[in-house]
Amino acid sequence: MIEKLAGAANRNGQLPVGVEQSASDWQVDEYWKTILQNRTHALNLPLDFVRPAVKGGQRDAVTYKTTLALQRELALAAENEAVSVEVVLLAALMLLLAKYTGQEYVVVGWTSNSVQHACGGSETACTTVVAGCVEQSRTWREFLAAIEQTCLQARAPKRFSYEQLVDTMDADQDASRNPLFDVRLKQRHTETARQKDDFALGFDVERDGISLRIEYDANLFFASTMERLLRHYCHLLEQLVQDTDQRLADLDMLAADGDEPLVYDRGHNLTTDSADPVRSAAHQPQRKQQAEHPEKSAAVPGERQASINPLPALEAAEKRPDYPASSAQKRLFMLDKLLGRSTAYNVPVIRNINGRVDSKRLEKALQGLVERHESLRTAFHLEVESGALRQKVHSAVPFAFPVYALTEAEAAEMIRDFVRPFRLDKAPLFRAALIELTDKKESILILDMHHAITDGLSVGIMLKELAALYENRQLEPLSLQYKDYAVWESQLMHTQEWKKQEAYWLERFKEPVHPVRLRFSRPPALTAEATSRTLHFSLEENTATALQNLAHSTETTLFMVMLAAFTVLLSRLSGQDDIVVGTPISGRHREGLENIVGMFVNTLAIRNQPRSSQSFLTYLHQVKERLLDAYENQDYAFDQLVDKLNVPREINGNPLFNVMFQFAQHDEAETIDGLKLQAVEYDGAPGKFDLHFVVVQENQRALHLEMTYREAYLPDETAREFLAHFHGLVQQIVRDVQQDGKEEIATPHP
């Protein structure tokens with residue numbers, strides 16, 4: 001395109017108006033060359049509808065009028081910075097678009113009488129193009145000055161207009177977009193022949209305020225989306241006039257929506273709606289009662305979801321090969337470097353299949369999973385200059401699916417060898433194999449993944465989708481991938497919501513904490529490869545039912561009841577009255593993440609102070625409040641908290657806590673083409689915590705306890721005693737409830 005400028009003529013064979021003498025002026029027009037070189041940087045706006053192949057059709061409009069006070073503040077701010085109000089409005093629009101799209105390079109159209117001399121002195125308004133880098137580290141003053149300089153270049157004498165340039169462009173332009181820009185700022189009374197932009201923001205400075213009108217393509221957006229965008233724009237203007245030395249990253253356009261985070265639904269529609277369609281008011285007396293979502297290995301019941309807000313399907317990310325790593329991925333990457341080549345964070349998934357499967361069909365189904373989920377094609381690398389950790393999503397990865405014919409004894413040995421360290425810079429971080437047993441008519445499916453690309457819920461998603469693909473059932477297309485979540489999280493870190501959540505956690509841990517040291521526990525282990533053992537125990541049906549009834553009568557959840565009992569036991573057996581226990585949370589409380597494979601789990605460090613003078617019911621309600629507060633601040637990454645507190649990380653333990661408590665729901669029976677899948681426990685992974693206690697709710701009348709402990713922390717015999725103490729404690733709680741009804745229950749002692 002640029003090469004054509006030297007000899008280009010308009011459709012009448014004449015040079016564009018404003019280009020004197022010859023086309024040689026075009027050759028030195030560096031401004032237009034820069035614009036054209038970057039015209040692949042289309043704005044990836046959040047659309048409500050799929051972009052049609054051909055632009056055009058129905059247009060609609062929404063309007064808004066600012067206050068007179070804001071008009072005057074804008075005029076004063078413009079005067080102080082020696083620019084026009086129009087340039088302020090233009091720069092603010094570019095900043096808004098950068099925040100909406102996550103893009104740094106923003107191109108907009110500009111239709112105004114102030115650029116008419118760029119059309120050779122035409123009496124009508126002309127359009128030019130303004131482009132700039134919206135670097136979030138800049139101050140508003142610096143950015144505004146840069147846009148003013150760009151505007152001076154755009155309206156320089158003898159520069160031909162956008163319309164004249166379009167006449168010379170290739171005939172095979174993308175018919176779904178306006179040439180060069182998607183969004184335009186224009187004076188309200190100006191019109192042009194072409195109305196192909198996604199939306200145009202018109203303005204008119206009037207006596208009592210600035211009148212704003214967005215004319216938009218109704219084939220792309222809902223009216224509500226444009227209304228919200230206009231509201232965000234006005235709120236941004238209100239902030240900009242307050243302090244010109246604000247960093248762009250710190251400017252928040254969301255307070256107009258009551259500080260709700262900026263998110264998009266599955267149709268990419270901008271929303272800040274805090275309504276939760278899953279939970280009805282009937283299940284939420286005041287802020288107390290919460291529906292339970294106990295999810296195996298990933299989430300906890302009682303999780304308070306301020307909103308099920310969806311994430312942006314950030315199309316801007318599609319333009320780049322690398323994406324930011326999430327906080328969880330950064331932690332795992334750091335641990336990988338700290339531990340060396342280790343299987344500590346491998347996630348082996350082993351399923352016994354009660355029959356024979358077609359290995360070729362299974363391989364094809366696995367390949368379909370790899371193609372469907374970007375996490376299964378992701379590796380990690382550190383940027384040399386910035387030191388930032390990036391996800392590298394490969395379009396394709398080599399994937400092998402070996403099939404072995406082994407006896408059952410040989411299979412056990414092969415599984416131990418199969419689980420081996422990954423290199424995080426080499427994709428895929430996922431491997432699979434099938435064993436066809438020669439001494440039984442059974443098969444064993446082995447999946448091994450690194451935790452950086454998966455979590456407990458992801459395992460269930462993969463097995464469910466693997467069965468569907470094997471059975472040739474159609475899967476719903478994914479609107480988001482894990483990279484969208486990682487980009488959203490990185491953007492959240494620059495918001496007021498993030499600062500609010502950070503303040504909550506820093507306040508909770510302003511006093512130092514100490515690990516739980518039971519009276520009979522051993523000194524801390526000196527190695528991360530500490531071996532661990534797991535004990536299993538099932539509660540009696542009447543005990544499980546009574547605990548469930550207690551949760552119902554106290555407007556708590558079974559998770560809260562069990563955590564309260566567990567921390568009471570830790571306090572009594574340690575002599576400590578300040579107990580910090582970690583608990584995992586799914587991290588999927590935003591809409592659109594429910595079927596994505598990736599590492600979403602965050603860890604909440606729950607700090608409680610059980611006192612022997614308290615009744616159990618009083619303490620239970622304290623535990624409930626602590627949990628609900630933690631859920632409201634669940635987006636703040638645990639590792640960010642550790643960094644802020646400057647807690648030393650040790651190779652042999654977790655920072656802030658050494659005991660993990662988890663509530664899980666028994667998985668539904670897994671099948672593939674009618675064949676049952678039975679989980680096979682893998683005991684080769686080293687323990688990550690001194691003590692990991694899991695309560696599994698199998699149904700309303702069955703509770704199963706799983707206690708994994710480091711041998712370096714607890715001797716086997718005392719581990720059994722601990723489990724017996726817990727059993728006795730919950731039995732005593734049940735007896736007190738049955739004796740006293742809803743009266744205060746005495747704090748039980750083991």
Side-chain angles (χ1 to χ4, degrees), residues 297-304 306 326-328 330-332 334-335 345 451 455-456 489 492-493 498-518 524 557 559-560 562-571 574 576-587 589 599-610 619 622-650 652-664 687-695 708 710 713:
S297 304
V300 291
E303 176 178 329
R304 173 158 58 192
S326 67
S327 294
K330 291 173 187 175
R331 171 174 59 88
L332 291 165
M334 184 194 69
L335 287 169
Y345 288 92
H451 208 349
D455 60 15
E489 187 195 48
L492 179 67
M493 292 180 184
W498 183 266
K499 292 177 183 176
K500 178 185 77 70
Q501 293 195 25
E502 180 177 83
Y504 166 79
W505 289 109
L506 292 178
E507 175 65 23
R508 292 294 303 132
F509 288 93
K510 64 182 179 181
E511 299 296 333
V513 299
H514 303 283
V516 176
R517 293 291 167 214
L518 305 178
T557 67
F559 170 73
M560 294 171 181
M562 299 301 276
L563 177 61
F566 181 71
T567 50
V568 164
L569 180 63
L570 291 178
S571 178
S574 68
Q576 298 168 228
D577 58 6
D578 185 12
I579 303 292
V580 181
V581 172
T583 190
I585 195 160
S586 70
H589 61 292
M599 175 49 174
F600 294 94
V601 174
N602 191 18
T603 301
L604 303 181
I606 308 299
R607 190 173 193 173
N608 286 296
Q609 287 81 29
Y619 178 60
Q622 289 178 3
V623 170
K624 172 184 177 178
E625 289 304 306
R626 291 283 166 83
L627 281 169
L628 293 179
D629 288 340
Y631 297 150
E632 284 190 345
N633 295 279
Q634 64 178 283
D635 289 323
Y636 191 76
F638 174 74
D639 294 280
Q640 294 282 327
L641 175 61
V642 172
D643 290 342
K644 282 287 182 180
L645 295 172
N646 199 24
V647 179
R649 298 176 187 263
E650 300 174 356
N652 62 318
N654 248 49
L656 293 187
F657 63 87
N658 65 323
V659 176
M660 175 72 82
F661 182 87
Q662 185 174 346
F663 195 101
K688 301 176 183 64
F689 308 97
D690 286 343
L691 184 62
H692 189 166
F693 202 88
V694 184
V695 178
T708 301
R710 282 179 168 174
Y713 181 72

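In this text, all values refer to a predicted model and were calculated from it rather than measured experimentally.
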Asker: May I ask you to decide whether R517 forms a salt bridge with D690, counting only side-chain N to carboxylate O separations under 4.0 Å?
Answerer: yes
Asker: Please report the C-alpha distance between L645 and L656 in whole Å, then the side-chain angles of each, then the deciding distance to 0.1 Å, and finally whether the side-chain contact (heavy atoms from CB on, under 4.5 Å) criterion is met.
Answerer: CA-CA 10 Å; L645 295 172; L656 293 187; 4.0 Å; yes
Asker: Please check this pair: side chain of Q501 against backbone of Y636, looking for a donor-acceptor N/O pair closer than 3.5 Å.
Answerer: yes
Asker: Hey, what do you get for OG (S327) to CG (L641), rounding to the nearest 0.5 Å?
Answerer: 11.5 Å
Asker: CD of Q640 to CG of N602: how many Å apart, nearest 0.5 Å?
Answerer: 10.0 Å
Asker: Rounded at 0.5 Å granularity, tell me how far CD in Q622 sits from CE in M560.
Answerer: 13.5 Å
Asker: Give the C-alpha distance, both sets of side-chain angles, the deciding distance and a yes or no for side-chain contact (heavy atoms from CB on, under 4.5 Å) between D635 and L492.
Answerer: CA-CA 9 Å; D635 289 323; L492 179 67; 3.8 Å; yes
Asker: Below 30° counts as parallel, above 60° as perpendicular, anything between as tilted: where do the rings of F689 and H692 land?
Answerer: perpendicular
Asker: Between CZ of R331 and CZ of F638, what distance do you get to the nearest 0.5 Å?
Answerer: 8.0 Å
Asker: Rounded to the nearest 0.5 Å, how far apart are CG of N608 and CG of D577?
Answerer: 11.5 Å
Asker: Can you list everything that forms a salt bridge (charged side-chain N to carboxylate O under 4.0 Å, His left out) with R607? Sequence neighbours excluded, please.
Answerer: D578
Asker: Taking Q634 for its side chain and Y631 for its backbone only, find out whether a donor-acceptor pair lies under 3.5 Å.
Answerer: yes
Asker: Do NZ/NE/NH1/NH2 and the carboxylate oxygens of E502 and K499 come within less than 4.0 Å?
Answerer: no
Asker: Could you tell me the separation between the CG atom of N633 and the CG atom of L628, rounded to the nearest 0.5 Å?
Answerer: 11.5 Å
Asker: Apply side-chain hydrogen bond (donor to acceptor under 3.5 Å, both in side chains) to residues Q576 and H514 and explain how you reach the verdict.
Answerer: CA-CA 9 Å; Q576 298 168 228; H514 303 283; over 6 Å; no
Asker: Determine the minimum heavy-atom distance between G582 and M660, stating which atoms define it.
Answerer: O-SD, 3.1 Å
Asker: Flag yes if more than 12 heavy atoms outside K500 fall under 6.0 Å of its NZ atom; otherwise flag no.
Answerer: yes
Asker: Answer whether the closest heavy-atom distance between the side chains of Y713 and N658 falls below 4.5 Å.
Answerer: yes
Asker: Between A328 and V601, which heavy-atom pair has the shortest distance, and what is it?
Answerer: CB-O, 4.2 Å
Asker: Which pair of heavy atoms, one from A605 and one from F657, lies closest together, and at what distance?
Answerer: CB-CD2, 4.2 Å
Asker: Examine distances only and state if a side-chain atom of S571 and a backbone atom of T567 form a donor-acceptor pair shorter than 3.5 Å.
Answerer: no
Asker: Go through L570 and V659 one step at a time and tell me if the side-chain contact (heavy atoms from CB on, under 4.5 Å) criterion holds.
Answerer: CA-CA 10 Å; L570 291 178; V659 176; 4.1 Å; yes
Asker: May I have the step-by-step check of ring-ring contact (aromatic ring centres under 6.0 Å, His included) for F559 and F566, ending in yes or no?
Answerer: CA-CA 10 Å; F559 170 73; F566 181 71; over 10 Å; no
Asker: Decide yes or no for V580 and I606: does some side-chain heavy atom of the first lie under 4.5 Å from some side-chain heavy atom of the second?
Answerer: no
Asker: Assign the ring pair F693 / F661 to parallel, tilted or perpendicular, where the plane angle (0 to 90°) is split at 30° and 60°.
Answerer: parallel
Asker: Stepwise, does the side-chain contact (heavy atoms from CB on, under 4.5 Å) test hold for Q662 with V695?
Answerer: CA-CA 6 Å; Q662 185 174 346; V695 178; over 6 Å; no
